[in-house]
Amino acid sequence: MSKQELVVLGQDDQSGACCPGLVAAPVDENQAAELSRMFKALGDPVRLRLLSMIASRSGGEVCVCDLTPAFDLSQPTISHHLKLLRQAGLIDCERRGTWVYYWVLPATLDRLSAFLTTTQTAEGHA
C-alpha cells in the first residue's frame, strides 16, 4: 500500500473546498466527469458487491482468490470488474506472487459520501 499522507475532510476551514456537497453548489464540468466515473462504476450490481466485499473485509484487503467464488462468473469477468473499479479510483491493488490483493481507497469513498451528504433537513418531505 502507498504510504502517502491522507487529508481528513472536515479538519480545517477548507474542508469542502475540493468537493462541495450536492446541495452546497453545482459541480463544475471536471468534477462532474470525475464523479460520474465513480458512480458509473458503482452502477453495476457485481461491482457494487465486489466493492462491498473488499471494504468489509477484516484486515482491509482481500485476495482475488477469495472474491471469485462468491460469483457465478468467470475469473476474467471478475478481473474486468475489478479493473473498472480501479480505473474509477475506488480501489487499488498489489500483486503478491500469483495472487492480487485489493483494498478500498477510503479518501475516495469519503469524497463520494461528502458529495451526497446534505446538511439541510427535509422537513415536510417524505
Side-chain angles (χ1 to χ4, degrees):
M1 273 203 234
S2 173
K3 300 285 186 194
Q4 68 186 19
E5 184 177 323
L6 297 177
V7 176
V8 180
L9 297 177
Q11 296 286 319
D12 60 13
D13 293 335
Q14 298 178 6
S15 61
C18 72
C19 46
L22 184 61
V23 298
V27 295
D28 65 30
E29 189 174 335
N30 292 334
Q31 291 171 325
E34 185 179 351
L35 288 166
S36 69
R37 280 193 301 276
M38 291 182 238
F39 286 118
K40 184 176 180 180
L42 293 174
D44 182 272
V46 171
R47 291 191 291 270
L48 190 56
R49 284 185 60 208
L50 283 167
L51 183 70
S52 175
M53 291 171 70
I54 296 166
S56 65
R57 180 59 71 133
S58 174
E61 62 183 29
V62 61
C63 177
V64 69
C65 63
D66 295 325
L67 296 171
T68 306
F71 298 89
D72 190 23
L73 299 169
S74 68
Q75 185 277 326
T77 301
I78 296 297
S79 292
H80 173 73
H81 285 294
L82 290 166
K83 175 184 170 185
L84 294 176
L85 288 170
R86 280 187 60 226
Q87 289 175 338
L90 297 165
I91 63 172
D92 205 355
C93 68
E94 176 181 78
R95 179 173 293 281
R96 298 180 196 153
T98 59
W99 299 110
V100 179
Y101 289 79
Y102 292 88
W103 59 86
V104 298
L105 297 173
T108 304
L109 296 183
D110 289 345
R111 182 170 181 220
L112 287 175
S113 176
F115 176 73
L116 293 174
T117 300
T118 175
T119 56
Q120 298 177 353
T121 59
E123 293 179 21
H125 294 80

message = Check whether Ser79 reaches the backbone of Gln75 with its side chain - one donor and one acceptor, N or O, closer than 3.5 Å.
response = yes
- Query: Just by distance, do the side chain of Ser36 and the backbone of Ala33 share a donor-acceptor pair under 3.5 Å?
  - Reply: yes
TODO: Begin from the C-alpha positions of Asp92 and Arg86 and carry the test side chain to side chain contact (heavy atoms under 4.5 Å, CB included) through to its verdict.
DONE: CA-CA 6 Å; Asp92 205 355; Arg86 280 187 60 226; 3.9 Å; yes
Exactly one of Leu84, Leu109, Leu51 clears side-chain contact (heavy atoms from CB on, under 4.5 Å) with Ile91, and that residue is Leu51
Gap separating the [atom1] atom of [X] from the [atom2] atom of [Y], nearest 0.5 angstrom:
{"X": "Ile78", "Y": "Leu73", "atom1": "CD1", "atom2": "CG", "result": "4.5 Å"}
{"X": "Trp99", "Y": "Cys63", "atom1": "CH2", "atom2": "SG", "result": "5.5 Å"}
{"X": "Arg49", "Y": "Asp44", "atom1": "CZ", "atom2": "CG", "result": "11.0 Å"}

- Show the numbers, then the answer: is there a side chain to side chain contact (heavy atoms under 4.5 Å, CB included) between Met53 and Phe71? CA-CA 12 Å; Met53 291 171 70; Phe71 298 89; 3.7 Å; yes
Hey, are the side chains of [X] and [Y] touching, using non-hydrogen atoms and a 4.5 Å cut-off?
{"X": "Arg57", "Y": "Asp66", "answer": "yes"}
{"X": "Leu82", "Y": "Ile54", "answer": "yes"}
{"X": "Glu94", "Y": "Trp103", "answer": "yes"}
{"X": "Leu42", "Y": "Leu112", "answer": "yes"}

For residues [X] and [Y], report the shortest heavy-atom separation together with the two atoms involved.
{"X": "Gly89", "Y": "Leu105", "value": "O-CD1, 3.4 Å"}
{"X": "Lys40", "Y": "Arg47", "value": "O-NH2, 3.8 Å"}
{"X": "Val27", "Y": "Ala32", "value": "CG2-CB, 3.8 Å"}

Sorted by chain and residue number, the salt bridge (charged side-chain N to carboxylate O under 4.0 Å, His left out) partners of Arg37 (sequence neighbours excluded) come out as none
**Request:** Would you sort out whether Leu116 and Phe39 count as a side chain to side chain contact (heavy atoms under 4.5 Å, CB included), showing the intermediate values?
**Result:** CA-CA 11 Å; Leu116 293 174; Phe39 286 118; 4.0 Å; yes
- Query: Can you check side chain to side chain contact (heavy atoms under 4.5 Å, CB included) on Arg111 and Met38, steps first, answer last?
  - Reply: CA-CA 10 Å; Arg111 182 170 181 220; Met38 291 182 238; 3.8 Å; yes
